[in-house]
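Residue numbers run from 1 in the order of the sequence given.
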Amino acid sequence: MAYTNLNALHAYSEAHGIHMLYMIAADKYEVYKPFIISGYRPNNPTLDKLPQEPWVINTKPLMRGLVAKGVQDVYYINDTHWSPIGAKVAGEEIANRLVELGFIQ
């Protein structure tokens with residue numbers, strides 16, 4: 001249902017001349033889950049089921065890729081928000097997607 005509504009919102013936006021770009025911030029624990037060696041964390045498949053559309057940005061693979069490469073401090077250590085490192089990567093992805101979609105040059 002949520003994905004149907006998301007697609008409907010995108011279609012409505014486009015019909016009214018608004019170019020929608022949808023980004024969802026991945027939860028810190030979802031990003032780090034494969035690297036946590038103790039404790040149980042239930043799987044949340046929500047981001048794995050996001051529509052694969054050019055106007056949808058899923059930050060889970062972005063952030064998990066950084067962590068897998070050994071980049072530290074993608075999230076703040078004492079809360080679940082992106083650090084400047086994570087925010088920079090997200091911002092760069094938004095800029096890249098805007099260029100790819102032809103919204104900016």
Side-chain angles (χ1 to χ4, degrees):
M1 179 68 151
Y3 303 127
T4 302
N5 291 340
L6 183 60
N7 283 319
L9 179 61
H10 180 260
Y12 180 84
S13 298
E14 290 293 321
H16 290 85
I18 300 168
H19 301 298
M20 184 177 113
L21 193 61
Y22 181 80
M23 173 184 269
I24 189 161
D27 180 83
K28 179 180 184 177
Y29 296 105
E30 274 299 302
V31 170
Y32 283 96
K33 185 178 178 187
F35 311 101
I36 298 173
I37 56 173
S38 65
Y40 171 75
R41 286 246 156 305
N43 186 41
N44 181 350
T46 305
L47 295 182
D48 299 329
K49 295 180 179 180
L50 274 177
Q52 301 294 313
E53 300 287 347
W55 51 271
V56 175
I57 300 174
N58 184 350
T59 60
K60 182 177 173 181
L62 280 174
M63 300 304 166
R64 189 173 277 178
L66 288 176
V67 173
K69 291 178 184 172
V71 176
Q72 295 183 356
D73 301 324
V74 175
Y75 289 79
Y76 285 111
I77 194 167
N78 58 347
D79 72 26
T80 61
H81 293 90
W82 293 325
S83 71
I85 294 166
K88 181 178 186 285
V89 169
E92 288 171 348
E93 182 61 25
I94 291 170
N96 290 338
R97 201 64 64 95
L98 291 171
V99 170
E100 288 173 16
L101 292 170
F103 300 146
I104 62 172
Q105 294 183 6

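- Panel note: side chain Arg97, backbone Pro54; a donor-acceptor pair is recorded below 3.5 Å.
- Side-chain contact check for Tyr29 versus Thr80: some heavy-atom pair is nearer than 4.5 Å.
- Taking the side chain as every heavy atom from C-beta outward, Leu62 and Glu92 never approach each other to under 4.5 Å.
- Of the inter-residue distances, the one linking Ile104 atom CD1 with Asn96 atom CG reads 8.5 Å to the nearest 0.5 angstrom.
- Using a 4.5 Å cut-off on side-chain heavy atoms (C-beta onward), Asn7 and Trp55 make contact.
- Using a 4.5 Å heavy-atom cutoff, the side chains of Asn44 and Asp27 are not in contact.
- There is a path of hydrophobic side-chain contacts, each under 4.5 Å, that joins Val31 to Phe35.
- In this structure, Val56 is a member of the same hydrophobic cluster as Ile24, with clusters built from ILVMFWY side-chain heavy atoms closer than 4.5 Å.
- Side-chain contact between Thr59 and Arg64: absent, with no pair of heavy atoms (C-beta onward) separated by less than 4.5 Å.
- Residue His81 qualifies as open at atom NE2: its count of foreign heavy atoms under 6.0 Å is 12 or below.
- Summarising the geometry, atom CD1 belonging to Ile85 is positioned 5.5 Å from atom CG belonging to Asp73; distances are rounded to the nearest 0.5 Å.
- Atom-to-atom distance recorded for Leu98:CG and Gln105:CD is 12.5 Å, nearest 0.5 angstrom.
- A 4.5 Å side-chain heavy-atom check between Trp82 and Met63 finds at least one atom pair inside the cut-off.
- Taking each heavy atom of Tyr12 and His16 in turn, the nearest pair found is O-ND1, 2.8 Å.
- Interatomic distance, Leu101 CG to Glu53 CD, rounded to the nearest 0.5 Å: 10.5 Å.
- Considering every non-hydrogen atom in both Leu50 and Tyr3, the closest pair reads CD2-CE2, 3.8 Å.
- Two residues are said to be in side-chain contact when any heavy atoms from C-beta on lie closer than 4.5 Å; Asn43 and Lys33 meet this criterion.
- Heavy-atom contacts from other residues, nucleotides or ligands closer than 6.0 Å to CD of Glu100 number more than 12.
- With hydrophobic clusters built from ILVMFWY side chains whose heavy atoms lie under 4.5 angstrom apart, Tyr76 does not share a cluster with Ile36.
- For the side chain to side chain contact (heavy atoms under 4.5 Å, CB included) test with Val89, the passing option among Leu66, Val71, Ile94 is Leu66; the others fail.
- Residue-environment remark: CZ (Phe103) exceeds the threshold of 12 foreign heavy atoms within 6.0 Å.
- Considering all non-hydrogen atoms of both residues, Ile77 and Lys28 come closest at O-NZ, 3.4 Å.
- From His10, atom NE2 reaches atom NE2 of His19 across 9.0 Å, with rounding to the nearest 0.5 Å.
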